[in-house]
Structures are given as structure tokens and as C-alpha cells.
Novice: 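Take this structure, written in C-alpha cells, and hold onto it; I'll ask about it next.
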Protein chains: 2
Amino acid sequence: MTKKKHDLTEGEWAIIQAVWSNQPCAAPTVQEVLQSERAWTYSTVKTMMDRMVAKGLLKTERIRNLILYSAAVTRREAQHCEIMRAAKRAFDGAFTPMMQFLLDSNKLSKEQLTELETIIKTKKVEAKSKR
Amino acid sequence: MTKKKHDLTEGEWAIIQAVWSNQPCAAPTVQEVLQSERAWTYSTVKTMMDRMVAKGLLKTERIRNLILYSAAVTRREAQHCEIMRAAKRAFDGAFTPMMQFLLDSNKLSKEQLTELETIIKTKKVEAKSKR
DNA sequence: AAGTTTACTCTACACTTGTAAAGATTGCAA
DNA sequence: TTGCAATCTTTACAAGTGTAGAGTAAACTT
């Protein structure tokens with residue numbers, strides 16, 4: 001299975017997040033879940049979801065008159081594609097400048113910084129042991 | 001001046017990168033600069049740039065029959081918006097999980113990790129002194 | 001069986017983005 | 001003055017995305 005590009009639109013992100021959290025689920029369920037943040041009618045949601053099926057982002061299973069949707073893309077895959085896209089657009093595809101930018105631009109708490117530092121130390125050990 | 005959202009499309013990113021590198025510059029210049037990576041005609045580029053003017057992403061200065069374009073958005077602003085958008089879509093707006101994801105997903109060299117660690121230490125000092 | 005509820009299907013419109021050809025204008029060279 | 005190059009302007013089409021109403025069908029209740 002070749003690596004597919006999963007470039008999700010704003011609306012698709014909202015929907016697939018709801019699907020990940022509730023799969024397998026029906027379209028009306030997704031509409032209800034998103035109701036509080038999106039003023040979408042069932043009709044809008046259904047259309048978007050069926051288009052996502054056509055794009056290979058969701059898959060369906062029919063049980064009598066009910067259609068259950070599941071994500072055809074993992075959260076990690078989708079996140080990875082989103083980040084790669086951002087890096088490509090804004091940083092010529094380079095992740096390290098992007099991370100540096102993130103660190104420079106955002107007010108992270110000491111706790112968060114410490115946590116990241118710990119992760120980096122771990123990564124350094126892994127990088128070292130793998131060399 | 002209120003903080004504007006600068007959500008740039010794929011095409012807009014290519015164009016504004018070229019403008020940042022050559023501003024102030026004319027549309028034909030941008031077309032030539034992008035020629036090697038984008039098979040766009042002058043007409044396409046001009047249309048996109050004029051739309052970007054309408055969206056407040058570029059500004060113009062007319063000298064006789066020549067229109068010179070400059071970016072109305074700094075590279076940092078645009079990069080920031082791109083990252084915030086990615087974070088919002090893929091990480092519910094949270095930067096730390098995004099950062100962790102980046103660290104988990106990319107094979108960084110020891111040197112790169114050290115560099116990031118240094119930045120974090122610097123940020124920790126700043127965060128501490130600001131509290 | 002009729003009525004109601006739930007979900008699906010069909011259809012359509014508006015806007016954005018990408019793409020670009022054809023025509024018009026300006027400025028310069030011959 | 002004419003011709004040409006460079007640039008601008010006008011116009012248009014296609015595909016994707018967002019949005020959703022009206023009609024239809026299935027399942028359940030009375």
C-alpha cells in the first residue's frame with residue numbers, strides 16, 4: 001500500500017476528529033457531536049463525509065439501512081501529513097527550523113519546557129545508541 | 001492594527017516566498033522566479049497576485065505602467081499563522097503535543113537535538129526570569 | 001395499516017482557488 | 001510613424017469545498 005497524501009481541509013479535520021472519537025458511527029452522530037462548535041446541518045455533514053469516503057479518508061460498513069463510518073486514516077498519519085505540509089509551505093520542508101520557530105514563538109511554561117527537555121535527552125540517548 | 005489571519009494557500013505560499021526574496025518586484029519577475037518549479041504562465045501568476053492584493057497579503061506601488069509588489073505580511077507572521085493552523089487542526093491548538101510529535105517523528109541528529117536543548121534551556125531561563 | 005421518526009438520496013448553489021487565453025496599453029527601438 | 005516587446009486588463013472555465021433543502025426509503029410505534 002503506497003503512502004497516500006492525506007491533505008485534510010478544515011472541515012475534514014473536524015469530521016475525522018469526531019469519527020476517531022466515535023467510530024464506527026453514523027453520520028447523524030457526527031453531526032450531533034459537532035453541533036456545539038459547527039452550525040452544520042445533517043445534510044452538510046453527510047455530504048462532506050461521503051466525499052471523504054470518495055477520497056479514501058473514511059470507509060463505510062452498511063448494516064440494513066444504516067451506514068457506519070470509520071476513519072481510513074490514523075490520527076498519526078493525518079497529523080504527520082499536516083505537519084509536513086506546514087513545513088513544506090512555511091519552512092521549505094525543514095523540520096528543525098520549524099521546531100526552533102515553535103520554541104521561539106510560543107510562551108511555554110517551565111513545566112512544558114522541562115518536559116520537552118526530558119524528551120530531547122531521551123532522544124539523544126537513542127540517537128547515540130543507534131550510531 | 002488588529003491581528004489578521006494570514007491563511008495562505010499552497011499557491012500563495014509559493015508566490016509570497018518569491019516576493020519576499022525579490023521585493024519590490026513586478027509580476028513577470030515572480031513568474032520567472034517560479035518558472036523552474038511551477039509551470040505557471042504570467043497570466044496565472046498575475047491573477048493570483050492581484051487576488052492576494054485584494055486579500056491584503058501583498059501591496060502595490062505603481063510607477064508609470066509598471067506595478068511593483070511587496071509583501072504586506074512578514075515571513076514570521078505567515079509562518080506563525082501556518083503553524084497555528086496546523087496545531088489547531090491536528091492538535092486541537094496545543095503546541096506541546098505538536099512539538100512532542102515532531103520530536104517523535106523525525107530522526108534528528110545529536111547536533112540538532114543539542115541545539116534544540118540549548119534553545120529550551122535559554123527559554124527556561126527567560127521563563128524563570130519573567131516570573 | 002397508518003402515522004411518525006430516523007436516516008439516506010438527489011440536487012443545487014455560492015465561493016474559493018487554480019489556470020490561462022485574448023485583447024489592450026504603454027514604452028522603446030528602428 | 002510603425003513595429004515590437006513588455007506589461008496590464010478583461011474574461012472565462014474547471015474543480016474543490018462549504019452549505020443545505022426537498023424528496024425518498026426504511027424502521028418503528030400505535
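Here is the naming used below: chain letters follow the sequence lines, and residue numbers restart at 1 for every chain.
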Novice: Rounded to whole angstrom units, what separation is found between the CD atom of A:Gln31 and the C1' atom of D:dA20?
Specialist: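 So the CD-C1' distance, A:Gln31 to D:dA20, works out to 12 Å.
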Novice: Looking only at the side chains, is there a donor atom on one of A:Thr44 and A:Thr41 sitting less than 3.5 Å from an acceptor on the other?
Specialist: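 Judged by distance alone, the side chains do pair up.
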Novice: Separation of B:Leu66 atom CG from D:dA6 atom P, in whole Å?
Specialist: 13 Å
Novice: Could you tell me how far apart B:Ile67 (CD1) and C:dG27 (P) are, to the nearest whole angstrom?
Specialist: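 Taking atom P of C:dG27 as the reference, CD1 of B:Ile67 is at 13 Å.
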Novice: A:Met52 CE to D:dT19 P: how many Å, rounded?
Specialist: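 Checked: the CE to P distance equals 14 Å.
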Novice: Could you say whether A:Lys46 or B:Tyr42 is positioned toward the 5' end of DNA chain C, judged by the nucleotide with the nearest heavy atom to each?
Specialist: A:Lys46
Novice: Between A:Arg62 and C:dT9, is there a contact of a side-chain N or O with OP1 or OP2 at under 4.0 Å?
Specialist: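 Yes, within the criterion.
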Novice: Should A:Leu103 and B:Leu103 be regarded as members of a common hydrophobic cluster, given that ILVMFWY residues are connected when their side-chain heavy atoms come within less than 4.5 Å of each other, either directly or indirectly?
Specialist: yes
Novice: What is the distance from CD1 of A:Ile15 to P of D:dT17, rounded to the nearest Å?
Specialist: 12 Å
Novice: Please state how far atom CE in A:Met49 lies from atom P in C:dA7, giving the value in whole angstrom units.
Specialist: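 Distance, rounded to whole Å: 13 Å.
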Novice: Is it the case that the side chains of B:Arg75 and B:Gln17 hold a donor-acceptor pair, with the cut-off being a distance below 3.5 Å and no angle test?
Specialist: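 Checked: B:Gln17/B:Arg75 side chains pair up, N/O donor to acceptor below 3.5 Å.
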Novice: For the pair made of CD in B:Glu32 and P in D:dA5, what is the distance, rounded to whole Å?
Specialist: 15 Å
Novice: Between CG of A:Asp104 and NZ of B:Lys123, what distance do you get to the nearest 0.5 Å?
Specialist: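 So the gap between those two atoms works out to 4.5 Å.
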Novice: Let me see the working for B:Met99 and A:Ile119 under side chain to side chain contact (heavy atoms under 4.5 Å, CB included), right down to the final yes or no.
Specialist: CA-CA 10 Å; B:Met99 198 63 205; A:Ile119 294 173; over 6 Å; no
Novice: What stems show up for DNA chain D when you take Watson-Crick pairs (N1-N3 plus N6-O4 or O6-N4) and G-U wobbles (N1-O2, O6-N3), both under 3.5 Å, and require three or more consecutive pairs?
Specialist: C:1-30 with D:1-30
Novice: Cut-off 3.5 Å, side chains only: do B:Gln31 and B:Arg38 have a donor facing an acceptor?
Specialist: no
Novice: Please give me the minimum heavy-atom distance between A:Phe91 and A:Pro97, naming the atom from each residue.
Specialist: CE2-O, 3.9 Å
Novice: What is the ring orientation for B:Phe101 with A:His80, classed by angle as parallel under 30°, tilted 30 to 60°, or perpendicular over 60°?
Specialist: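 The rings of B:Phe101 and A:His80 sit tilted, inter-plane angle from 30° to 60°.
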Novice: Quick one: what's the B/S/- string for nucleotides 23-30 of chain D, heavy-atom cutoff under 4.0 Å, read 5' to 3'?
Specialist: ---SS---
Novice: Run through B:Gln23, B:Glu61, B:Lys46 and flag the one making a side chain to side chain donor-acceptor pair (under 3.5 Å) with B:Tyr69.
Specialist: B:Lys46
Novice: Determine, for nucleotides 12-21 of chain C in 5'-to-3' order, which nucleotides have protein heavy atoms under 4.0 Å from the base (write B), from only the sugar-phosphate (write S), or from neither (write -).
Specialist: B----BBBBB
Novice: Measuring only between side-chain heavy atoms, which start at C-beta, is A:Thr9 closer than 4.5 Å to A:Trp13?
Specialist: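 A:Thr9 vs A:Trp13: side chains apart.
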Novice: Checking B:Thr122 side chain against B:Thr118 main chain: does a donor-acceptor pair fall under 3.5 Å?
Specialist: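 Answer holds: yes.
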